[in-house]
2 protein chains.
Amino acid sequence: MVSKSQIKLITSLEQKKHRTKNGLFIVEGKKGIEEVLESHFELQSLYTTEDIFNAPKTKTHHISEAELKKISRLKSTQIALALFKIPEPKEIKLNGLVVALDGVRDPGNLGTIIRLCDWFGVSTLVCSKDTVDCFNPKVVQATMGSITRVDIHNVDLPLFLKENKSILRYGAFLEGEDFYSSVLAADAILVLGNEANGISEEIEKLISKKINIPKFSKNNKTESLNVATATAVFLSEIRRKQNY
Amino acid sequence: MVSKSQIKLITSLEQKKHRTKNGLFIVEGKKGIEEVLESHFELQSLYTTEDIFNAPKTKTHHISEAELKKISRLKSTQIALALFKIPEPKEIKLNGLVVALDGVRDPGNLGTIIRLCDWFGVSTLVCSKDTVDCFNPKVVQATMGSITRVDIHNVDLPLFLKENKSILRYGAFLEGEDFYSSVLAADAILVLGNEANGISEEIEKLISKKINIPKFSKNNKTESLNVATATAVFLSEIRRKQNY
């Protein structure tokens with residue numbers, strides 16, 4: 001059974017203010033839930049149509065498919081929905097490569113970037129206040145479990161960069177230097193900007209080196225790469241430079 | 001004015017069979033329409049709330065915002081919708097690097113891959129019959145105009161690979177060889193597989209070398225990269241190897 005008040009709580013968690021107020025976020029689907037259950041994240045409640053999860057019985061609610069449909073935000077059929085507690089903020093670890101996002105708004109892009117950080121061994125991701133919330137259900141879905149393996153911090157990005165001037169700060173700019181030929185430090189902050197406007201003027205002033213992925217197309221109309229695919233290219237090349 | 005029969009035609013073009021039957025596809029939004037207008041694609045009709053496009057008057061229909069809402073599939077407000085003719089299939093050009101997709105289903109992924117081909121100067125993209133149609137409105141939207149600059153061919157992929165055995169055929173497999181250390185030919189076909197299942201068994205037999213992007217994360221649970229971000233990494237590294 002899902003009570004009316006539980007339905008109200010779950011649907012309210014679509015909005016950041018209610019996630020913050022309740023300290024909870026939503027994970028949907030078998031695989032996603034299993035991955036988060038195996039992590040350090042703490043389960044608050046599990047609503048499931050099948051008895052297949054390794055979760056405490058006291059926190060498990062067996063529900064019907066019709067009930068699941070009422071609380072699910074996904075179109076495709078799932079078997080479960082879980083609420084997990086948003087972890088307490090940790091101290092920001094600044095060794096190695098750190099990725100920083102300046103106003104990334106699309107949940108799919110943020111989810112893909114978190115998954116890329118996980119793949120390329122970037123353990124710290126720093127997000128500006130106007131970046132989409134990493135506990136947005138669409139972001140969580142797109143991370144495919146990687147959200148449990150990357151430490152994500154919401155910060156005042158200008159302040160964060162000012163306070164870390166001892167670390168090199170690379171920024172992705174179309175007019176930046178060809179990063180394939182650049183010497184890049186292993187300890188650095190890589191800043192990527194908003195989908196439409198790139199890195200803001202305020203952050204631009206705090207960048208120590210502007211870098212760019214050169215265009216191999218001869219056509220001048222190709223304007224830019226999507227921020228998530230650009231992140232893929234940057235992280236791949238940085239790791240290759242360090243390891244090969 | 002948009003007549004009832006025009007509305008019926010436009011909404012029918014959401015479906016591939018109607019696009020094929022009518023030889024038409026939809027482009028929405030100012031920037032997308034402008035890019036396609038400047039290309040070799042032929043306009044069939046333009047429905048616009050503003051008189052700002054460089055398009056033949058005989059093909060331009062001035063409509064109200066309310067009328068545009070009726071025919072638009074996008075949630076955000078646009079100023080125009082255009083129908084363009086699907087170009088006649090060209091001969092497949094097989095010089096240089098060719099990207100081949102085996103069952104890529106997500107329109108956003110195909111759109112991103114087309115945009116990547118454009119950026120990295122891949123002029124030929126070959127799609128299996130079960131890959132999402134490149135003239136699907138969501139694909140067109142995600143390409144950001146790149147659809148006019150990449151030649152996209154729908155083929156019987158097993159037959160296509162059998163007929164081109166003289167060209168090296170690289171396939172992305174998790175068990176493949178570390179492609180950062182691989183010597184890769186400049187003339188080759190790079191095959192990428194379905195989001196959930198990767199490259200099919202039938203296509204696997206036709207691959208000359210399996211390649212992989214190594215994982216830099218120490219965590220074994222990170223399973224794979226999204227097909228579009230994997231394409232970004234492969235294309236970047238292939239171009240770097242050729243040019244630096």
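Chain naming here is simple, since letters A, B, ... match the order of the sequence lines and numbering starts at 1 in each.
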Report task. Specify which of G108(A), A142(A), S217(A) makes the most heavy-atom pairs with chain B at under 4.5 Å. Result ->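 Most heavy-atom pairs under 4.5 Å with chain B: S217(A).
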So which of [options] has the biggest tally of heavy-atom pairs under 4.5 Å with chain A?
{"options": "L235(B), V233(B), T231(B)", "value": "V233(B)"}
{"options": "K215(B), K218(B), M144(B), E35(B)", "value": "K215(B)"}
{"options": "P214(B), A228(B), G145(B)", "value": "P214(B)"}

Is it the case that atom [atom1] in [X] sees more than 12 heavy atoms from other parts of the structure closer than 6.0 Å?
{"X": "E88(B)", "atom1": "CD", "answer": "no"}
{"X": "E65(A)", "atom1": "CD", "answer": "no"}
{"X": "K59(A)", "atom1": "NZ", "answer": "yes"}
{"X": "K30(A)", "atom1": "NZ", "answer": "no"}

Requested in this report: Could you grab the distance from atom CD of E237(A) to atom OH of Y180(B), nearest 0.5 Å is fine?
Outcome: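 Rounded to the nearest 0.5 Å, the CD-OH separation comes out at 8.0 Å.
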Query raised in the report: Strictly by modelled atom types, are Y244(A) and D178(B) linked by a side-chain donor-acceptor pair under 3.5 Å?
Result: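 A donor-acceptor contact under 3.5 Å links the two side chains.
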Query - Proximal component of R149(A), with respect to chain B [non-hydrogen, under 4.5 Å] - result: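 Only the side chain of R149(A) comes within 4.5 Å of chain B.
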Query - Region of T229(A) that comes under 4.5 Å of a non-hydrogen atom in chain B - result: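 Both backbone and side chain.
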Report task. Could I get the full list of salt bridge (Lys or Arg N to Asp or Glu O under 4.0 Å) partners for E50(B), not counting sequence neighbours? Result ->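 Here no residue qualifies.
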Report task. Answer yes or no: is there a side-chain heavy-atom contact under 4.5 Å between F216(B) and N243(A)? Result ->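 F216(B) reaches N243(A) side chain to side chain.
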Query raised in the report: Who in residues 113-127 of chain A is close to chain B, using a strict under-4.5 Å heavy-atom cut-off?
Result: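 Residues of residues 113-127 of chain A touching chain B at under 4.5 Å: R115(A), L116(A), D118(A), W119(A), F120(A), G121(A).
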